[in-house]
Asker: 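Structure in structure tokens, see below.
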Number of protein chains: 2
Amino acid sequence: MTDFLPPIQTMARDDAVLKALVGFVRQEALGPGEKLPTERILAERLKVSRNTVREALTRWEGLGLVERRQGSGTYLKAAVSPDMLHMPLTLAGGNDFAGLMRTLEIRRALEAEAAALCAIRAGKAEIAEIERKLGIMEDAFRTRAGMSSEEDWEFHQAVYRASGNPLFEQIISAMHELFHRFWEHPLGVRDFGHASFPYHRTIFDRIAAHDPEGARAEALKLIATVEDDLKRGAANLKLSDRR
Amino acid sequence: MTDFLPPIQTMARDDAVLKALVGFVRQEALGPGEKLPTERILAERLKVSRNTVREALTRWEGLGLVERRQGSGTYLKAAVSPDMLHMPLTLAGGNDFAGLMRTLEIRRALEAEAAALCAIRAGKAEIAEIERKLGIMEDAFRTRAGMSSEEDWEFHQAVYRASGNPLFEQIISAMHELFHRFWEHPLGVRDFGHASFPYHRTIFDRIAAHDPEGARAEALKLIATVEDDLKRGAANLKLSDRR
DNA sequence: AGTGGTTCAATGGTCCAACCAATTTCTGCA
DNA sequence: TGCAGAAATTGGTTGGACCATTGAACCACT
């Protein structure tokens, strides 16, 4: 008796609201930063209660798709499309040094793969863009005599983009935002990230040579130096200000 | 001169509700599956409106921390802790074949890294557990003359767990749930995953030998066979039923 | 005992009509 | 013209009401 009866489903009101909202955003061609209708107008137009609209928007806000500013309005924070898929991750106990090390292991995995894919797929334009970012970073390194997280981050982002797979940038960007205070912070280590500097160019060289395994190896070396710096930092700092 | 005017403590009401709820869950030692107080009781106890309670719970529901069943109650779906960090990812346009290929690239990155870490960190107990899962999978393969997604998945999960980093399992589990219908589906290819079978044991061998780079290499080979199967499937199927 | 139907209380889902608080816009005076 | 204060706009919160679903208790009939 395995006749699978379809698990009957009546679409929830708030899901319907979001669906309608997706249609509206597409029809109006709204992009990130733009303001969408007020809750009251949405409620009236969609013939649902303002409460229901709010539940729907709360969902989107939780997913980072939208930002609500009291007294001002609700603004799009990212592009929306009908076939979006949501993958909320909650990391238990990721607020300390051990948590940072764990995310760094994820980053190592993705960084290596992205570099390898990039070496395979990057065209002339992408390679030129990466080289440009590399130049900016190296200039900043020389003038300021040290690593600059901003320019460093831009370089890596360029690599992710050239990997041809937007998921890399999305995942690592989320982690980057999450651990901003750690990621950016020297963590008590002087010349934090200094050791990683030369590997940026070696990674670029392997990418430009379309050598995926070489690029992967260099990326692994880079992350290894960051891990070392981090471990030195952990020794220096008790990390009691974990907020 | 107002030296130290308060650092403004007006935490959002719903965040406060969630904070209180975290405290409650910990004090009562509630685990996944258990039921938490009704919205009305929470509203009364916390001295906030039921609507506010609902907004807070909507957030948690969106994050997959909680499940609401009308007429029954609200149930915990995962462990909660005070220092949780949330990383919601929304993947645009990931609902088709190309999207599946992209997630597979992520999986390749994480799978390889997890296998390598596992080879470094797995103790006797973890290795025994992986071997047990491997045995179950191989039995299922023989009796049913083909890959079994269920047992296959259990094997990989055992590897993720033994990696010592829960993030691997979390991320890949989320992707697994998301693409359930694709992941599980033969996609029109007969003997889907057949080619990947032998690599499960070679991965295990490298892990048991504490050979991280060997394990990484075998994991990469495994994913490569899956990608090949997928490409064959794409040729067979027009994938017009993308929902 | 067991099967099926009914009742009823509990619970999440939706709605309404206010009011509060932050923001933006407008207005009128200097 | 410049700018402080009023007014309108908008998200945030409240309290109360009713609906829809669930599950347990109860009951009648076999």
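Bear in mind that the values here come from a model prediction, so they are computed numbers and not experimental data.
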Asker: How long is the line joining CZ of Arg50(A) and C1' of dA17(C), in whole Å?
Answerer: 11 Å
Asker: Closest-nucleotide mapping onto DNA chain D: is Lys47(B) or Tyr75(B) further toward the 5' terminus? I mean the 5' end.
Answerer: Lys47(B)
Asker: So, using side-chain hydrogen bond (donor to acceptor under 3.5 Å, both in side chains) as the criterion, who are the partners of Gln70(B) when residues are at least two apart?
Answerer: none
Asker: Has Ser72(B) got a side-chain N or O lying under 4.0 Å from the OP1 or OP2 atom of dT21(D)?
Answerer: no
Asker: With a 4.5 Å cut-off on side-chain heavy atoms, are Glu105(B) and Arg108(B) touching?
Answerer: yes
Asker: Kindly write out the residues that satisfy salt bridge (Lys or Arg N to Asp or Glu O under 4.0 Å) with Glu129(B), not counting sequence neighbours, or none if the list is empty.
Answerer: Arg132(B), Lys133(B)
Asker: Which residues in residues 27-46 of chain B have a heavy atom closer than 4.0 Å to any atom of DNA chain D?
Answerer: Arg40(B)
Asker: Between the two ends of the helix from dA1(C)-dT30(D) to dA30(C)-dT1(D), what is the bend in degrees, rounded to 10 degrees, where each end axis spans five pairs?
Answerer: 0°
Asker: Tell me every residue that passes side-chain hydrogen bond (donor to acceptor under 3.5 Å, both in side chains) with Gln170(A), counting only those two or more places apart in sequence or in another chain.
Answerer: none
Asker: For the residue pair Glu169(B) and Gln157(B), establish whether any side-chain heavy-atom pair is separated by less than 4.5 Å.
Answerer: yes
Asker: Do Arg68(A) and Thr58(A) have side-chain N/O donor and acceptor atoms under 3.5 Å apart?
Answerer: yes
Asker: What heavy-atom pair brings Val80(A) and Leu65(A) nearest, and what distance separates the two atoms?
Answerer: CG1-CD2, 4.4 Å
Asker: Would you mind reporting whether Glu111(B) and Phe168(B) have side-chain heavy atoms less than 4.5 Å apart?
Answerer: no
Asker: Give the nucleotide from the list dT14(D), dT14(C), dG12(C) with an atom nearest to the side chain of Gln70(B).
Answerer: dG12(C)
Asker: Taking donor-acceptor contacts at under 3.5 Å, does the side chain of Arg69(B) reach the base of dG23(D)?
Answerer: no
Asker: Return no unless some side-chain N or O of Ser49(A) is found under 4.0 Å from OP1 or OP2 of dC16(C).
Answerer: no
Asker: dG12(D), OP1 or OP2 - any side-chain N/O from Arg68(A) closer than 4.0 Å?
Answerer: yes
Asker: Calculate the interatomic distance between Glu67(A) atom CD and dT10(D) atom P; express it in whole Å.
Answerer: 17 Å
Asker: Any salt bridge between Lys77(A) and Glu61(A), counting N to O under 4.0 Å?
Answerer: no
Asker: So which atom in Gly62(B) and which in Pro88(A) form the shortest heavy-atom distance, rounded to 0.1 Å?
Answerer: O-CG, 3.5 Å
Asker: Please give me every residue in residues 51-65 of chain A whose heavy atoms get under 4.0 Å of an atom in DNA chain D, ordered by residue number.
Answerer: Arg54(A)
Asker: For the side-chain contact (heavy atoms from CB on, under 4.5 Å) test, which of Thr90(B), Leu89(B), Thr103(B) pairs with Met87(A)?
Answerer: Leu89(B)
